[in-house]
Amino acid sequence: MGMDYPALLGENQSFRSDYPAEIKYVFSCKEYESLEKEYGIRETAGKGSTFLQAVNLLEWVNKNIRHKGNYDNSDPQDALHLLTLAYKKHNTGINCLSMSIILSECLLASGIYARVVYMMPKAADDGDNHVVAEAFIAEWNKWIMLDPTYGSYCCDSSGEVLNLYEIRKRIINDEEYFFSDKLNYNGETVSDLADLKEYYAKNLFFLRSKARQGYGMHREYGDMVEMAPINFDVHERMLLNLQYRIHEYGECDLFTDWMSYESQLDNRYVDIESFYEPPCDREN
């Protein structure tokens with residue numbers, strides 16, 4: 001029998017709150033203008049509500065970029081470089097992190113608060129995690145999750161669109177949630193929803209994000225904030241996980257740089273409740 005992930009989450013409902021989450025969002029840079037000029041980001045987003053604009057950009061990324069789980073993130077991790085690499089190239093793919101970077105930076109370029117969020121499992125010997133984007137929907141005054149790998153967002157039974165923290169709580173409480181109608185993987189129907197939900201549950205033990213969200217912020221490791229259960233040491237887990245990945249997959253520049261960052265990192269645990277409050281720090 002496999003791990004009971006909902007039970008594991010239920011045993012770890014209380015989160016650390018060492019600091020308030022003071023995330024800064026950068027809305028002005030020349031690269032946003034280049035995204036608009038080269039890819040028509042604002043036209044793609046359209047003129048509807050914040051939610052409709054966000055979904056239009058989500059579906060645009062999902063439709064035009066293939067997911068490839070073993071992509072090594074060796075290219076500069078920003079929207080322009082990644083779009084040059086993978087946009088409408090069916091023989092090339094990038095992973096969930098890179099797809100989420102593109103989506104988040106396109107949302108910011110369109111004037112929508114957005115961030116890249118790492119969904120992380122507890123086990124140190126797990127070589128996999130998931131990454132998504134979250135966008136702040138002004139008309140609802142709340143954050144929602146957008147998954148470009150699957151071209152989807154999640155709702156409860158009333159149709160309210162959910163963020164990662166809300167999905168986590170619904171899993172713990174054995175409350176149903178639903179993926180949006182256009183759920184797909186590289187254009188193919190996702191038939192095993194139970195497997196996908198188990199994947200989400202596995203990867204919702206703790207969350208990570210950058211303290212500054214803007215163009216090119218993911219080119220280098222650093223400036224990370226953690227949202228983790230009480231008595232869980234993210235720093236220790238990440239170091240053990242990188243040792244596992246190096247043992248399983250071998251040395252590479254990605255793992256070397258990542259290990260260097262994690263080795264010197266003094267993890268900053270932030271209050272997950274404040275992470276999901278309306279944003280207030282904007283850099284123009």
Side-chain angles (χ1 to χ4, degrees), residues 2-6 8-9 12 15-16 61 67-74 77 82 93-104 115-134 145-150 152-154 163-165 167-168 171-172 179 185 190 195-211 213 217-218 220-229 232-250 252-263 265 267-270 272 275:
M3 173 66 71
D4 186 343
Y5 294 112
L8 178 64
L9 298 182
N12 293 272
F15 274 63
R16 294 184 60 160
V61 172
H67 177 263
K68 181 181 178 184
N70 63 354
Y71 167 67
D72 64 5
N73 298 99
S74 58
Q77 295 296 292
L82 292 168
I94 54 179
N95 61 18
C96 57
L97 169 59
S98 297
M99 293 180 75
S100 296
I101 289 170
I102 293 172
L103 177 55
S104 181
R115 59 200 184 192
V116 175
V117 185
Y118 297 69
M119 300 168 58
M120 304 297 297
K122 179 181 181 181
D125 61 350
D126 188 336
D128 175 68
N129 66 284
H130 195 42
V131 186
V132 297
E134 288 192 317
M145 185 279 298
L146 301 169
D147 189 337
T149 300
Y150 295 98
S152 184
Y153 52 90
C154 294
N163 57 51
L164 288 176
Y165 191 34
I167 295 170
R168 190 184 199 273
I171 292 170
I172 291 169
F179 291 95
Y185 179 74
V190 177
D195 183 67
L196 181 56
K197 286 188 172 184
E198 182 177 33
Y199 183 65
Y200 265 49
K202 174 184 83 74
N203 289 315
L204 276 169
F205 188 78
F206 71 102
L207 305 177
R208 314 185 89 187
S209 194
K210 289 267 193 176
Q213 299 285 335
M217 300 296 177
H218 290 267
E220 297 180 358
Y221 294 108
D223 206 22
M224 199 75 75
V225 297
E226 321 289 349
M227 287 137 288
F232 181 71
D233 189 332
V234 170
H235 181 65
E236 179 182 14
R237 186 268 178 198
M238 293 306 301
L239 290 175
L240 289 172
N241 179 250
L242 281 165
Q243 292 169 14
Y244 167 80
R245 291 183 188 229
I246 290 169
H247 179 266
E248 290 293 309
Y249 311 122
C252 65
D253 290 343
L254 171 67
F255 291 157
T256 300
D257 292 344
W258 195 355
M259 179 70 81
S260 176
Y261 168 67
E262 299 290 355
S263 296
L265 177 62
N267 291 100
R268 188 172 188 214
Y269 297 91
V270 302
I272 194 167
F275 186 71

On the 0 to 90° scale, with breaks at 30° and 60°, tag the Phe232-Phe206 ring pair as parallel, tilted or perpendicular.
tilted
Could you state the interatomic distance from CG (Asn203) to CZ (Arg168), rounded to the nearest 0.5 Å?
12.0 Å
Candidate pair Met217 and Val116, rule side chain to side chain contact (heavy atoms under 4.5 Å, CB included), full reasoning
CA-CA 10 Å; Met217 300 296 177; Val116 175; over 6 Å; no
Between Asn95 and Ser98, a side-chain donor and acceptor under 3.5 Å
yes
Using side-chain contact (heavy atoms from CB on, under 4.5 Å) as the criterion, list what pairs up with Leu239, not counting sequence neighbours.
His235, Met259, Glu262, Ser263
Passes side chain to side chain contact (heavy atoms under 4.5 Å, CB included), Ile102 versus Ile94? Steps please.
CA-CA 11 Å; Ile102 293 172; Ile94 54 179; 3.7 Å; yes
Note, Gln77 side chain near Leu82 side chain (heavy atom, < 4.5 Å)
yes
Asp126 and Asp128 have their tightest heavy-atom pair at OD1-N, 2.9 Å
Angle class for the Tyr200/His130 ring planes (parallel below 30°, perpendicular above 60°, tilted otherwise)?
tilted
With rounding to the nearest 0.5 Å, note down the distance linking NE2 in His218 to OG in Ser104.
6.0 Å
Would you say that Asn129 contacts Pro121 through its side chain, given a criterion of any heavy-atom pair below 4.5 Å between the two side chains?
yes
Side chain to side chain contact (heavy atoms under 4.5 Å, CB included) assessment of Met120 paired with Arg208:
CA-CA 8 Å; Met120 304 297 297; Arg208 314 185 89 187; 3.9 Å; yes
Distance (rounded to the nearest 0.5 Å) between Ser152 OG and Leu196 CG
8.0 Å
Sidechain-backbone polar pair: Ser100 side chain, Val131 backbone, donor-acceptor under 3.5 Å:
yes
Donor-acceptor contact present, side-chain Arg268 to main-chain Met224, <3.5 Å
no
Side chain to side chain contact (heavy atoms under 4.5 Å, CB included) between Tyr165 and Met227, intermediate numbers included:
CA-CA 10 Å; Tyr165 191 34; Met227 287 137 288; over 6 Å; no
Got a second to check how far Leu204's CG is from Ile167's CD1, nearest 0.5 Å?
7.0 Å
Working to the nearest 0.5 Å, report the span between CG of Leu9 and CG of Asp4.
9.0 Å
Would a distance-only check, ignoring hydrogens and angles, find a side-chain to backbone donor-acceptor pair under 3.5 Å from Asn12 to Leu8?
yes
What distance separates Leu164 CG from Cys154 SG, expressed to the nearest 0.5 Å?
8.5 Å
With heavy-atom distances below 4.5 Å as the criterion, would you say the side chains of His67 and Met99 are in contact?
yes
Give a yes/no verdict on a cation-pi contact between Arg115 and Phe275, requiring under 6.0 Å between NZ or CZ and the six-membered ring centre and an angle within 45° of the axis.
yes
For Asn163, does its backbone N or O pair with a side-chain atom of Glu134 as donor and acceptor, under 3.5 Å?
no
Kindly say whether Arg237 contributes a backbone atom to a donor-acceptor pair with the side chain of Asn241 at under 3.5 angstrom?
no
Once the angle between the rings of Phe255 and Tyr249 is folded into 0 to 90°, is it parallel (under 30°), tilted (30 to 60°) or perpendicular (over 60°)?
tilted
Taking Tyr5 for its side chain and Ile171 for its backbone only, find out whether a donor-acceptor pair lies under 3.5 Å.
no
Quick one, Leu97 and Tyr118 - any side-chain contact, counting heavy atoms below 4.5 Å?
yes
So do Phe15 and Val270 actually touch side chain to side chain, heavy atoms under 4.5 Å?
no
